[in-house]
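Heads up: the structure comes next, in structure tokens.
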Amino acid sequence: RCVKTGSDRKPENERTLLDNASNLLTNLLSGGNMGTMPIAEGAVSDLFGRPLFFALYDWFMQHGPVYKLAFGPKAFVVVSDPVVARHILRENAFAYDKGVLADILEPIMGKGLIPADLETWKVRRRAIVPGFHAAYLEAMVQVFDNCAERTVEKFEKLLDSAQQEGKSEIEMEMESEYSNLALDIIGLSVFNYDFGSVTRESPVIAAVYGTLSEAEHRSTFYIPYWKFPLSRWLVPRQRKFHEDLKVINDCLDDLIKRAQATRQETDVEALQQRDLTTAQDSSLLRFLVDMRGEDATNKQLRDDLMTMLIAGHETTAAVLTWATYYLAQNPDMIAKAQAEIDSVLRGRRPTLEDVKKLQYVKLIVAESLRLFPQPPLLIRRSLKPDTLPGGHKGDPNGYSIPKGVDLFISVYNLHRSPYFWDEPEKFNPERFLKAKPSDGIEKWAGFDPTRGQGALYPNEVMADFAFLPFGGGPRKCVGDQFALMESTVALAMLLQKFDVKLRGSPDEVELVTGATIHTKNGLWCKLSRRKSITNLN
Ligand code: HEM
């Protein structure tokens with residue numbers, strides 16, 4: 001792998017007695033009712049010191065695409081097969097809910113779309129999806145441009161200062177820069193609030209980062225310590241979390257009140273036809289408040305906004321980070337992207353029409369999502385008994401799943417599966433241009449050109465669920481096109497002006513994971529002004 005995985009397994013004789021006892025106990029507790037499903041024999045210690053999804057990949061190679069993993073007091077079924085993933089996410093989607101994920105996120109997102117119970121989810125999904133209409137996305141490209149321009153200006157100023165000291169490059173920690181950029185974009189586009197985090201610090205920004213870090217901490221913890229009585233008052237990190245939450249909630253409540261004070265009730269079609277490119281407030285909040293028949297409580301609106309703030313911030317920042325990680329090692333790819341950017345943009349800022357034409361940059365975004373899917377695992381819990389389909393390499397008859405089983409769909413495994421991708425570890429944006437061979441699915445390295453026509457980016461339908469960057473079925477991401485365009489615009493505007501290379505070796509970039517995959521110590525890069533601008537004449 002290109003980044004340090006620490007994936008060396010401990011030799012058998014080094015495993016502790018405790019590990020073995022724990023394995024025995026958990027396998028006994030979880031065994032029995034899932035037929036012949038293989039059981040991963042990993043020790044609990046395999047999970048320490050490296051992200052969980054690396055271990056899940058090793059076990060996928062050993063045990064096949066559907067196996068049971070038992071650790072601690074819990075057992076999980078791990079799925080790495082597109083046919084089985086499609087069944088759980090699309091064909092029998094309502095037989096599953098978000099399980100552990102909802103437990104973790106509910107205290108932060110309340111009844112927002114991600115953790116919401118089915119009844120609430122149906123109502124809110126129906127209200128929110130129309131908000132991401134074509135005119136909204138078109139107007140958002142301007143927001144992406146404005147925010148990316150702030151980052152460009154910041155780098156240009158720093159390069160000017162460096163130049164005065166005789167230097168031609170600056171060292172930047174790009175992960176934080178992308179995080180600030182994505183926060184500014186999500187604030188303006190979802191609730192018309194300018195965090196201004198590229199250029200300043202504020203208590204609200206600090207609170208957002210505090211809350212995100214707690215959400216991440218919870219997602220890596222198997223005991224719900226935040227549910228312990230009095231923990232809110234006694235545990236300092238819990239106290240801080242509730243303080244942070246209050247700062248954000250107060251800010252969101254205020255924005256909701258202001259939007260309601262200027263409410264102009266209209267039906268959905270009229271809202272979708274408004275000219276948002278000149279509107280003062282083109283945010284999703286404006287849409288949700290103005291929509292006729294929309295009777296969500298303020299608490300529900302706040303939960304929706306909080307969910308989108310969290311779902312749309314770190315994910316996009318991570319895509320940009322990993323795209324840059326690969327580009328910074330591949331000057332030829334940078335040159336190719338820059339030639340495309342110059343010929344499409346001719347020095348301008350991108351419009352929606354330009355985004356459609358930035359074919360190579362879009363493939364870079366898709367390929368980053370393939371190698372580093374955000375989140376790397378989708379989490380589900382069965383609400384009733386189900387029978388999984390016989391997957392491509394799994395049990396031909398399908399495994400039976402009792403009610404209450406926790407499942408991980410490993411998108412990371414699907415996206416790096418040697419069964420479906422040629423050279424799965426290699427960053428190769430153009431792999432998406434290759435059509436799927438007609439002779440079956442044994443090597444599914446390409447896309448079926450007859451499906452998903454008109455899509456701007458490679459998607460799960462074209463790949464028949466072997467590529468799942470935004471999930472699939474009814475719970476698929478509502479912000480997929482938004483996020484893809486945002487990432488394309490940001491990359492295009494940065495590459496239009498700058499060359500980038502890694503400060504050190506790629507192996508020094510260690511990764512950690514919570515909800516998203518990010519670097520342990522930042523993505524340090526060297527940035528310089530572009531040496532050559534493509535001759536357009
Ligand atoms: C759901 C990925 C950006 C809002 C999801 C899911 C994935 C995903 C994989 C499905 C989760 C599951 O099935 O358990 C991403 C990635 C993004 C991104 C990789 C950026 C590159 C955004 C943005 C927004 C957003 C920008 C909003 C502005 C949501 C919401 C859901 C969701 C509300 C829950 C949908 C539902 O359950 O109905 N996202 N997302 N996401 N995403 Fe995104």
Side-chain angles (χ1 to χ4, degrees), residues 79 85-86 88-90 93-94 96-102 104-105 109-118 120-129 131-132 136-137 140 143-144 178-179 181-183 185-191 219 283-285 287-288 303-323 362 365-366 368-381 407-412 414-415 457 459-460 465 467-488 490-491 515-518:
V79 172
R86 192 179 60 204
I88 297 167
L89 295 177
R90 192 171 73 188
F94 296 113
Y96 297 88
D97 72 1
K98 298 283 175 95
V100 187
L101 189 71
I104 293 168
L105 293 178
M109 298 180 179
K111 284 178 179 278
L113 280 186
I114 294 180
D117 58 273
L118 196 57
T120 312
W121 172 81
K122 271 188 195 151
V123 177
R124 296 315 296 154
R125 175 109 189 170
R126 215 177 298 131
I128 289 169
V129 166
F132 286 91
Y136 174 73
L137 291 176
M140 287 311 104
V143 174
F144 306 156
Y178 288 140
S179 193
L181 170 59
L183 182 60
I185 289 177
I186 207 81
L188 282 164
S189 53
V190 175
F191 37 85
S219 71
S283 70
L284 193 68
L285 173 62
F287 181 94
L288 291 175
D303 290 348
D304 293 338
L305 300 185
M306 181 70 103
T307 301
M308 279 182 274
L309 170 66
I310 292 183
H313 170 220
E314 289 285 291
T315 43
T316 313
V319 176
L320 291 169
T321 300
W322 294 112
K362 289 192 293 178
V365 171
S368 308
L369 272 164
R370 184 185 68 82
L371 282 165
F372 287 106
Q374 315 291 346
L377 303 174
L378 300 181
I379 299 176
R380 293 291 187 274
R381 181 177 292 152
L407 298 100
F408 288 155
I409 296 171
S410 174
V411 183
Y412 182 86
L414 276 171
H415 285 188
Y457 294 82
N459 63 28
E460 82 286 0
F465 280 60
F467 182 58
L468 265 184
F470 294 97
R475 305 295 298 251
K476 184 177 169 179
C477 179
V478 292
D480 60 336
Q481 298 305 305
F482 176 105
L484 288 163
M485 288 184 194
E486 173 185 0
S487 308
T488 307
L491 271 186
T516 56
I517 310 172
H518 46 96

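Keep in mind the model is a prediction, meaning the values are calculated, not measured. For ligands, and for the atoms within them, numbers begin at 1 and follow the listed sequence. Sequential numbering from 1 along the given sequence is applied to the chain's residues.
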Pro469 heavy atoms within 4.0 Å reach ligand 1 at atoms 2 (C), 9 (C), 19 (C)
If the cut-off is 4.0 Å to any non-hydrogen atom of Met308, which atoms of ligand 1 fall inside it? 27 (C)
Identify which of Ala317, Cys477, Pro373 has a heavy atom lying nearest to atom 8 (C) of ligand 1. Cys477
Is there a heavy atom of Arg380 sitting under 4.0 angstrom from any atom of ligand 1? yes
Which bit of Phe482 is near ligand 1, meaning a heavy atom under 4.0 Å away: side chain, backbone, both or neither? side chain
Subset of ligand 1 atoms that lie under 4.0 Å from at least one heavy atom of Val478: 4 (C), 29 (C), 30 (C), 33 (C)
Classify the ring geometry between Phe482 and Phe132 as parallel (under 30°), tilted (30 to 60°) or perpendicular (over 60°). perpendicular
One finds that the ligand 1 atoms under 4.0 Å from a non-hydrogen atom of Arg475 are 10 (C), 13 (O), 35 (C), 36 (C), 37 (O), 38 (O)
Part of Ser487 within contact of ligand 1 (heavy atoms, under 4.0 Å): neither
So, 4.0 Å and heavy atoms of His313: is ligand 1 close enough to count as a contact? no
Under 4.0 Å from a heavy atom of Ala483: which atoms of ligand 1 are those, numbered in the order shown and with their elements? 3 (C), 20 (C), 21 (C)
Side-chain contact test, heavy atoms from C-beta onward, threshold under 4.5 Å: evaluate it for Arg124 versus Asp303 and give yes or no. no
For ligand 1, which atoms have a heavy atom of Val319 less than 4.0 angstrom away? 21 (C)
Pick, from Thr315, Thr307, Ile114, the option with the minimum heavy-atom distance to atom 3 (C) of ligand 1. Thr315
Taking distance alone, with N or O pairs closer than 3.5 Å, would you say Thr316 contacts ligand 1? no
Measuring from atom 19 (C) of ligand 1, which candidate in Met109, Gln481, Gln374 has the nearest non-hydrogen atom? Gln374
Of all heavy-atom pairs linking Gly112 and Thr307, the shortest is CA-OG1, 3.2 Å
Give the intermediate values and the outcome of side chain to side chain contact (heavy atoms under 4.5 Å, CB included) for residues Leu414 and Phe465. CA-CA 9 Å; Leu414 276 171; Phe465 280 60; over 6 Å; no
May I ask you to say whether Arg90 pairs ionically with Glu460, meaning some side-chain N is under 4.0 Å from a carboxylate O? no
Under 4.0 Å from ligand 1, counting heavy atoms only, is it the side chain of Phe132, its backbone, both or neither? side chain
Closest candidate by heavy atom, reference atom 4 (C) of ligand 1, pool Gly312, Gly471, Gly472, Ala311: Ala311
Considering only heavy atoms of Leu378, which atoms of ligand 1 have at least one such atom less than 4.0 Å away? 9 (C), 11 (C), 12 (C), 14 (O)
Under 4.0 Å, heavy-atom basis, I'd like to know which part of Ile186 is in contact with ligand 1: side chain, backbone, both or neither. side chain
Can you say whether the rings of Phe372 and Trp322 are parallel (under 30°), tilted (30 to 60°) or perpendicular (over 60°)? parallel
So, regarding Arg125 and ligand 1 (criterion: nitrogen or oxygen to nitrogen or oxygen, under 3.5 Å), is there a contact or not? yes
Quick check on Leu369 - does any of its heavy atoms sit under 4.0 Å from an atom of ligand 1? yes
For ligand 1, does Glu486 get within less than 4.0 Å through its side chain, its backbone, both, or neither, judged by non-hydrogen atoms? neither
